[in-house]
Amino acid sequence: MRVRRLAVLAVLFPLIAVGLPAELTAHAADLDHRRVDAVATPILNWAPCELGECARVLLPLDYDDPDGPTVEVALTRIPARDPSRRLGSLFLNPGGPGASGTDFPLRATAWLGADVQDRFDLIGMDPRGTNDSTRSHCFPTVRRLVEVAGPLLTLGFPVSADEEDAFMAAAGELAHACSSRGRRLVGAMSTAEVARDLDVLRRAVGDDRLTFLGFSYGTYLGQVYANMFPDRVRALALDGVLDPTAWVGSAETAEEPMSLRLGSAQGASEALAEGLRRCGDHPEACPLSDPAADFARLAERLRRAPLRLEDPELGAYDLTYQQFITACLYALYSDHGVELVAGMTAALGALAAEPSGLATRRALAAQYRVQESAATRAADRGDYPNFLEQVPAVMCTDSRNPASMARWAELADAADAAAPYFGRSWLWGSAYCAGDDWLVQDEDAYRGPFDRAGERPILVVGNHHDPATPYRAAVAVSRLLPNSRLLSSDNWGHTAYGVSACSTAAVDAYLIDGRLPDEGTVCRDGHQPFEG
């Protein structure tokens, strides 16, 4: 869920454990300590690789059986630049769930603070089931995966009744495949399992306590770790925060899909509306004469019918409403995203009004070029790409959702009304999790509580215009986590670190020295749309 650090978006669990008696909560914490401590400390054989240094380690598939079947977890490391002042290791997570953690440290060197890079080894990890670690494998062949992926990737999200039927059929096939052929690993891919892996790896790199910087979904992983192992935290910085109670859900919220509970659609819709308002306030920099109306007119035009574009290499193809909305959403992940959306709207609006402009059609086609799917390319190589499986494998084993996929169709109009343009987009991202279809469970998934106190403070970072993890979630988590501090930022885009220099400096000071920003701190150095 992050463009620069991308991140990009069931089992009916027992009741979330918030409010359980203290003795039961303490028992669960003791059990997790015993589970991970029963695993021998792995020896990491680091070797040079294109990402810095790489290692692979075998960890238990099921921590209830520490000597049983294993999964392989891939790691990367970029050593501290000043070994004489080294503080330990900084574990990084880019979000997703399932965004590549192994290439993240190298990418992060472009924007991590200099002191952080001097004093920490930067550690990346591909969570079990994803990327370069042991992957989920729900379908028997790549070709079958590609056949099922087709409607999901082509549609993005459904709008019409026919599209909903096609999407639900494909999503159901994926859910059933992961609940049958893929269940052995998928049933061990909950965030709690990754947190247990993280604790073993903390020990493997020689740290007594964990230092962690997580973005987007990585903030949920950080919160799960902090509540499972509160005595093993050195510093946790959470940026672009997910509300854990919304992610997991409860009996009271189970009829609302987790992708609606998170409020991401509202965050995106509010960011777009405010951005278009500011566009109108700066006519000298805004390419739209009436921004909100111009955007609405183009969106409605695309909902009626696709817009034909002309690509010199691929030929003519149609730009759909879903593709346009998805492009706008990902643009908003950037702190300059509102300007990008305004530019796209102006260019596409002009083409819709005057479709004979061949040069315009070709210029736009370069921006929206239909790429050969990653699944198809992998099929040609004989590789098995599980990118379509890994997000549901984590979300659906973590969260509580409605039983029938028909519930998603029932909610679609209301979702769009509550969060114009983005309601459907976010809603359908969890359709795989319908309890009648997603039948695989992780009996050791973490269900709460999420308010366990540790002796070390936790830093929670939220920005006011985040299109994926709304600011109110950061406020809620800062109130939920004892001994935490909220750092606010007025920047745009998804997350604040590396975008706001003020936020970056505050996070760096916390990671290095444990210094928290003053209570009530708001960073106001973020780029503001159309203001230069």
Side-chain angles (χ1 to χ4, degrees), residues 1-9 90-99 101 104 108 112 124-125 127 190-192 194-195 198 210-230 233-249 258-259 261-264 267 333 391 394-395 398-399 446 448-452 454 456-464 466-489 491 493-500 503-504 506-507 510-511 516-517:
M1 300 170 77
R2 173 74 169 158
V3 166
R4 191 158 44 84
R5 304 192 258 275
L6 187 57
V8 222
L9 73 105
L90 172 62
F91 283 82
L92 301 165
N93 184 280
F104 195 46
L112 278 172
M125 172 182 89
S190 71
T191 300
V194 181
L198 192 57
L210 178 71
T211 305
F212 178 87
L213 174 58
F215 301 93
S216 200
Y217 164 78
T219 69
Y220 180 68
L221 171 60
Q223 291 176 78
V224 170
Y225 183 93
N227 282 280
M228 289 173 65
F229 307 105
V233 170
R234 177 189 170 273
L236 260 74
L238 310 175
D239 185 6
V241 182
L242 290 170
D243 183 335
T245 60
W247 182 274
V248 172
M258 60 89 69
S259 53
R261 293 194 301 259
L262 293 172
S264 300
Y333 275 46
V391 173
V394 178
M395 286 196 317
D398 274 351
S399 64
Y446 189 75
F450 292 101
D451 59 354
R452 298 191 67 205
R456 302 293 178 93
I458 293 174
L459 182 59
V460 177
V461 185
N463 68 295
H464 292 165
D466 195 310
T469 52
Y471 175 71
R472 53 186 166 271
V475 174
V477 168
S478 70
R479 293 171 177 166
L480 184 66
L481 274 173
N483 204 21
S484 64
R485 178 65 51 83
L486 174 65
L487 172 66
S488 304
S489 176
N491 71 268
H494 183 33
T495 75
Y497 190 100
V499 177
S500 158
S503 299
T504 302
V507 173
Y510 165 73
L511 292 173
L516 291 171

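Taking Arg472 as the reference, Glu270 meet the salt bridge (charged side-chain N to carboxylate O under 4.0 Å, His left out) condition, with sequence neighbours excluded. Asp466 meets the side chain to side chain donor-acceptor pair (under 3.5 Å) test with Thr469, His494; sequence neighbours excluded. With sequence neighbours excluded, the residues satisfying side-chain contact (heavy atoms from CB on, under 4.5 Å) with Ala237 are Leu213, Val507, Tyr510, Leu511. Judged as a side chain to side chain donor-acceptor pair (under 3.5 Å), and not counting sequence neighbours, the contacts of Ser488 are Tyr471. Judged as a side chain to side chain donor-acceptor pair (under 3.5 Å), and not counting sequence neighbours, Asn93 has no contacts.
Of all heavy-atom pairs spanning Arg452 and Met228, the tightest one is NH1-O, 3.9 Å. Shown here for Ala192 and Val224, the closest heavy-atom pair between the two residues is CA-CG1, 4.1 Å. Scanning all heavy atoms of the two residues, the minimum distance from Phe104 to Leu92 falls at CD2-CB, 3.6 Å. Pairing each heavy atom of Asn463 with each of Gly493, the nearest pair is ND2-O, 2.9 Å. Closest of all the heavy-atom pairs between Met258 and Met395 is SD-SD, 3.8 Å. Residues Pro97 and Val391 come closest through the heavy atom pair O-CG2, 3.2 Å.
Looking at Asp239, its side chain does come within 3.5 Å of a backbone N or O of Ala496 through a donor-acceptor pair. The backbone N or O of Leu481 lies less than 3.5 Å from no partner atom in the side chain of Gln223, so there is not a single donor-acceptor pair. In this structure, Ser484 contributes its side chain and Ile458 its backbone to no donor-acceptor pair below 3.5 Å. Distance alone, capped at 3.5 Å, places no donor-acceptor pair between the Thr211 side chain and the Leu90 backbone. No donor-acceptor distance shorter than 3.5 angstrom exists from the side chain of Asp451 to the backbone of Pro482, with no hydrogens or angles considered. A donor-acceptor pair is defined here as one N or O able to donate and one able to accept, closer than 3.5 Å; no such pair exists between the side chain of Tyr497 and the backbone of Ser500. A distance-only check finds a donor-acceptor pair linking the side chain of Arg485 to the backbone of Pro517 [under 3.5 Å].
Ring geometry, Tyr217 versus Trp247: the interplanar angle falls from 30° to 60°, so the pair is classed tilted.
Side-chain contact between Arg261 and Asp243 is absent, with no heavy atoms from C-beta onward closer than 4.5 Å.
Within the model, atoms CG of Leu459 and CG of Leu236 stand 10.0 Å from one another, a figure rounded to the nearest 0.5 Å. Separation of atoms OG1 (Thr191) and OH (Tyr220) is listed at 5.5 Å; rounding is to 0.5 Å. The line from CZ of Phe212 to OG1 of Thr219 is 8.0 Å long, rounded to the nearest 0.5 Å.
Legend: salt bridge (charged side-chain N to carboxylate O under 4.0 Å, His left out) pairs involving residues 214-224, not counting sequence neighbours: none detected.
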If you apply the rule side chain to side chain contact (heavy atoms under 4.5 Å, CB included), what do you find for Phe229 with Leu210, and how did you get there? CA-CA 10 Å; Phe229 307 105; Leu210 178 71; over 6 Å; no
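Of the candidates Leu486, Leu487, Leu480, Leu486 is the only one forming a side-chain contact (heavy atoms from CB on, under 4.5 Å) with Val460.
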